[in-house]
Structures are given as structure tokens and as C-alpha cells.
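As C-alpha cells, the structure follows; a few thoughts come after it.
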Amino acid sequence: QVQLVESGGGLVQAGGSLRLSCAASGRTFSSAAMGWFRQAPGKEREFVAAINWLGYNTYYADSVKGRFTISRDNAKNTGYLQMNSLKPEDTAVYYCAANRFRTIATRVDEYDYWGQGTQVTVSS
């Protein structure tokens, strides 16, 4: 079992940066792949980025490639999403997720554990 808690969201102007954190409890986090998703009002939850269990393999949605960086520190049981050059269209609730497998996944139904989400608002 893995419990996830996101933090670091907030209000930022376009062009600014935020760093989201995902604190995990449970012994299986270090052997689980991790992902970040987001959901804007009236829209479906969408994939943002994913990282494999050791942190050497990453994958990004085209919309954030080159601006966002996913990472993890298994010693601290924490995952991160560094978001730079933020745009108003990045405004959403951001969720971290973990699955029971070690490889990258991009679909919502491929993840078993979810955090409660953190709001990111980018003003123009």
C-alpha cells in the first residue's frame, strides 16, 4: 500500500515556476513507477509526466516537454515535478500517482495509488 500527499501548488504568473512534491508512505514506493497527471475544470484527467522506479527513465506529454521535469528521491520517498515557463493553460489540479509496476505508464487506469491533488493556477 502507498499513500501519496502532494504539495507545492499555488498561484503564479505566466512564465513563472513551481515545484510540486509528492510525499509517499509505504515501503513499496521505491519499487513503483510514478506519474503526474492534471485535471482542469470540465476536462478529463490527463497525463503530464512519468518516471520509472529507479528514476533513470522519464516520459512527458508533448504539451509540457522541455518545460517540466519529473524526478524522484527514493531515499526520501518523494517525487517531484519542476514546472518552468508556466502558461495559463497549465492551470489545473495536479495529482501524483504510483503503480505496482516498475515501468512507465501514461494512462489513468494503469495507476493504483493517487494523492488528493494540489491546485496550480497560472495567471496571464
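Source: prediction; values computed, not measured.
- Although no hydrogens or angles enter the test, the distance criterion places a donor-acceptor pair under 3.5 Å between the side chain of R72 and the main chain of N52.
- Side-chain contact between N99 and M34 is absent, with no heavy-atom pair separated by less than 4.5 Å.
- Residues Y95 and I104 fall within the same hydrophobic cluster, defined by Ile, Leu, Val, Met, Phe, Trp and Tyr side chains chained together at heavy-atom separations under 4.5 Å.
- Under the side-chain contact (heavy atoms from CB on, under 4.5 Å) criterion, V120 pairs with L18, L20, M83, Y94, V122, sequence neighbours left out.
- Tracing side-chain contacts under 4.5 Å through hydrophobic residues (I, L, V, M, F, W, Y), one never reaches L4 starting from V108; they form parts of separate clusters.
- T118 places a side-chain N or O within 3.5 Å of a backbone atom of G9 that can act as its donor or acceptor partner.
- Not a single donor-acceptor pair under 3.5 Å links the side chain of Y59 to the backbone N or O of A105.
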Item to complete: For the pair T78 and D73, evaluate side chain to side chain donor-acceptor pair (under 3.5 Å) and give the outcome as yes or no after the intermediate values.
Response: CA-CA 5 Å; T78 303; D73 185 340; over 6 Å; no
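- The neighbour count for K65 NZ, taken as heavy atoms of other residues, nucleotides or ligands under 6.0 Å away, is above 12.
- Think of L54 as one node in a network of Ile, Leu, Val, Met, Phe, Trp and Tyr side chains linked at under 4.5 Å; its network also takes in W53, Y56.
- With sequence neighbours left out, R102 forms a side chain to side chain donor-acceptor pair (under 3.5 Å) with no residue at all.
- Pairs engaging residues 22-124 under the disulfide (SG to SG under 2.5 Å) rule: C22-C96 [sequence neighbours left out].
- Under the 6.0 Å distance and 45° angle rule, R19 counts as a cation-pi partner of Y80.
- Between V5 and Q3 there is no side-chain heavy-atom pair separated by less than 4.5 Å.
- In this structure, CD in E89 is found 8.0 Å from CZ in R38, a value given to the nearest 0.5 Å.
- Minimum interatomic distance between S17 and S85 (heavy atoms only, all atoms of both residues): OG-N, 4.3 Å.
- Of the possible polar contacts, one joining the E6 side chain to the Q116 backbone as a donor-acceptor pair under 3.5 Å is found.
- Applying the disulfide (SG to SG under 2.5 Å) test to every pair with at least one member in residues 43-80, sequence neighbours left out, gives no pairs at all.
- Looking at F68 and V48, their side chains come closer than 4.5 Å, going by heavy atoms from C-beta outward.
- The heavy-atom pair separating A98 from A32 by the smallest distance is CB-CB, 4.3 Å.
- Of all heavy-atom pairs spanning I51 and S71, the tightest one is CD1-CA, 3.7 Å.
- Annotation: the span from S63 atom OG to D90 atom CG amounts to 7.0 Å, rounded to 0.5 Å.
- The closest donor-acceptor contact from the side chain of N77 to the backbone of S25 lies at 3.5 Å or more, if one exists at all.
- The list of ring pair (Phe, Tyr, Trp, His ring centres under 6.0 Å) pairs with a residue in residues 6-42, not counting sequence neighbours, reads F37-F47, F37-Y111, F37-W114.
- A distance of 10.0 Å separates CG of L86 from OG of S123, quoted to the nearest 0.5 Å.
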Worksheet entry | Stepwise side-chain contact (heavy atoms from CB on, under 4.5 Å) test for E110 and F101 | CA-CA 9 Å; E110 292 179 303; F101 308 104; over 6 Å; no
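- E46 is not listed as a side-chain neighbour of T106, based on a closest heavy-atom distance of 4.5 Å or more.
- A heavy-atom distance below 4.5 Å is found between the side chains of K87 and R67.
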